[in-house]
Amino acid sequence: MIPLPLARIAEITSGALAGMADPRAVVRGPVVIDSRAVEPGSLFVAIKGERVDGHDFAAQAIADGAVAVLASKPVEVPAIIVGDTVAALAALATAVCADLPETTVIGITGSAGKTTTKDLLARLTARIGPTVAPAESFNNEIGHPLTVLKADEGTRYLVLELSARYMGDIKHLTRVAPPKIGVVLNVGSAHLGVFGGKEAIAKAKGELVEALTSGGVAVLNADDPLVAAMAERTEARVTWYGRAESAAVRAEDVTVDARGRAAFTLRTPSGAAPVRLRLYGEHAVQNALAAAAAAYELGLPVATIAEELSEAEPRSRWRMEVTDRQDGVTVINDAYNANPESMRAAFGTLDTLAGGRRRFAVIAALRELGEESATLNEELGRLAGSAGLAGLFVVGPDAEPVLAGARAVAQDGASGVPGGGDPGPDGANSPQEDQEDQEGGAAAAATVHITHVADAAAAGAELSGLLAPGDVVLVKGPRAAGLERVAAALLEGDRQ
Ligand SMILES: Nc1ncnc2c1ncn2[C@@H]1O[C@H](COP(=O)(O)OP(=O)(O)OP(=O)(O)O)[C@@H](O)[C@H]1O
Ligand SMILES: [Mg+2]
């Protein structure tokens, strides 16, 4: 970050120096909230969380080289005392960002694909200037300002992910770092429970384009009606991307290979170039187009955009990570998070990637869907139940609607294990196991083994015993379900 003396930080945050803090001592960064990430020159921000209170680590942070602690109570070491450390963090990031006139801020929001698009765009902007982008999914009132604070005078592009849990969240983040370009990906059902409806989600996401000035650019998805409607809500020029022919930046001739990776012709107003993605899933096309449209606005040649998009590997963990075990079992780890749309996308990829191979899925009930929860989870069950699985494992609490949906379709469907394998020894089933051996019928989409398991460890253990060479496993659930542990268990000792 820009070097700042403690006196200046106190002024920006309306804080008071305490614990013999030297007003001339200079913070050079990084600004961190995890004491384990402290480096000499750091500012340690003490945040009181649900389980841990950062203030308990103040002394450790100073011992490890932090210049001071930003705290909401005295901590017996050099500190700046403020009323609310999260608000102070935002104030600091706002001031730092305002001091960086040479830095172009690009904000990305949407229900699904923010991190993927952020990673792609950061790769593109890195071709034309030093770029700062968040690690992982830093997109809330803490992660976002922490990322902004990584920027310094040399930074030319700041690529930020903005998430909304409540109305006004995105507006707040755009005040911290006013974007020049705002990218809106899609409006789905994530956090439906908090917002109470898709229109409300669209309203919240639209705060990004409302924050743009007339000199800015709104990069909008022409294929999503709720995003398209946001064009009315911005003073900025609009650049459309999507599959629609009306989109300025669009994908033509999209094909998907046997591994589920898409290729297409990237068309822009200044030319076209072929793209062959290494990312899995057809939905990645949308994210690639969004990144391409923003990069196009920044002046990158279409050939460069196409080249970078084609070279990009997944950067952030647990999003469509496809691994082939030595024994020929393929594991699709998409356990980072889930909502109805990304579940659909993931099962679509499983379908393409598995082809005629035997398929399994480990999922968990979707959360934060409010009144729609039972309906949407039953829909998820139906989706899974008709995905041609040999076995479906539903992990953890609130699984009933998912199980019911899956059973309903499996009962409607036919018998047989796709790929011809035996899903496993009947005698080894857990008490909760509900085996659905179906009789007759013609559809290929019957789930023969529907199992409810208590947790990720149990799912990993049970499934490991069933897998045979050639099988494909999809692992996907909401963040809180921690299903990456299932993927880890399946891949243990099998890294190539
Ligand atoms: N355009 C898309 N449509 C549907 N699903 C998508 C899309 N892009 C990504 N996904 C899926 O959504 C999940 C999350 O992807 P990603 O981390 O890029 O999104 P995000 O918006 O950053 O999520 P979060 O809000 O959790 O930070 C992954 O399972 C990914 O495969
Ligand atoms: Mg994210």
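What you are looking at is a predicted structure, and each value in this text was computed from that prediction instead of being measured. Remember, it's 1-based here, ligands and their atoms both numbered in the order they're listed.
Listed for the Lys150 side chain is no donor-acceptor partner under 3.5 Å among the backbone atoms of Pro145.
In summary, the atoms of ligand 1 found under 4.0 Å from a heavy atom of Thr116, numbered by their order in the structure, are 16 (P), 18 (O). Each of the atoms 22 (O), 27 (O) of ligand 1 lies under 4.0 Å from some heavy atom of Glu161. Numbered from 1 in the order shown, with element, the atoms of ligand 1 that lie under 4.0 Å from a heavy atom of Asn139 read 27 (O).
The side-chain contact (heavy atoms from CB on, under 4.5 Å) test with Ile106 is passed by exactly one of Leu158, Leu298, Val219, Thr131: Leu298.
Ion pairing between Lys171 and Glu210 fails under the 4.0 Å rule for side-chain N and carboxylate O.
Of all the N, O or S atoms in Glu161, the one closest to the Mg ion (ligand 2) is OE2.
Using a 4.0 Å cut-off between heavy atoms, Asn287 contacts ligand 1 through its side chain alone, with no backbone atom that close. Both the backbone and the side chain of His283 come within 4.0 Å of ligand 1, counting heavy atoms alone.
For the Mg ion (ligand 2), the N/O/S atoms of Ser137 include one lying under 2.8 Å. The distance from the Mg ion (ligand 2) to the nearest N/O/S atom of Asn337 is not under 2.8 Å.
If you check the side chains of Lys476 and Ser342, you find a donor sitting under 3.5 Å from an acceptor.
Remark: distances from the non-hydrogen atoms of Arg344 to ligand 1 are all 4.0 Å or more.
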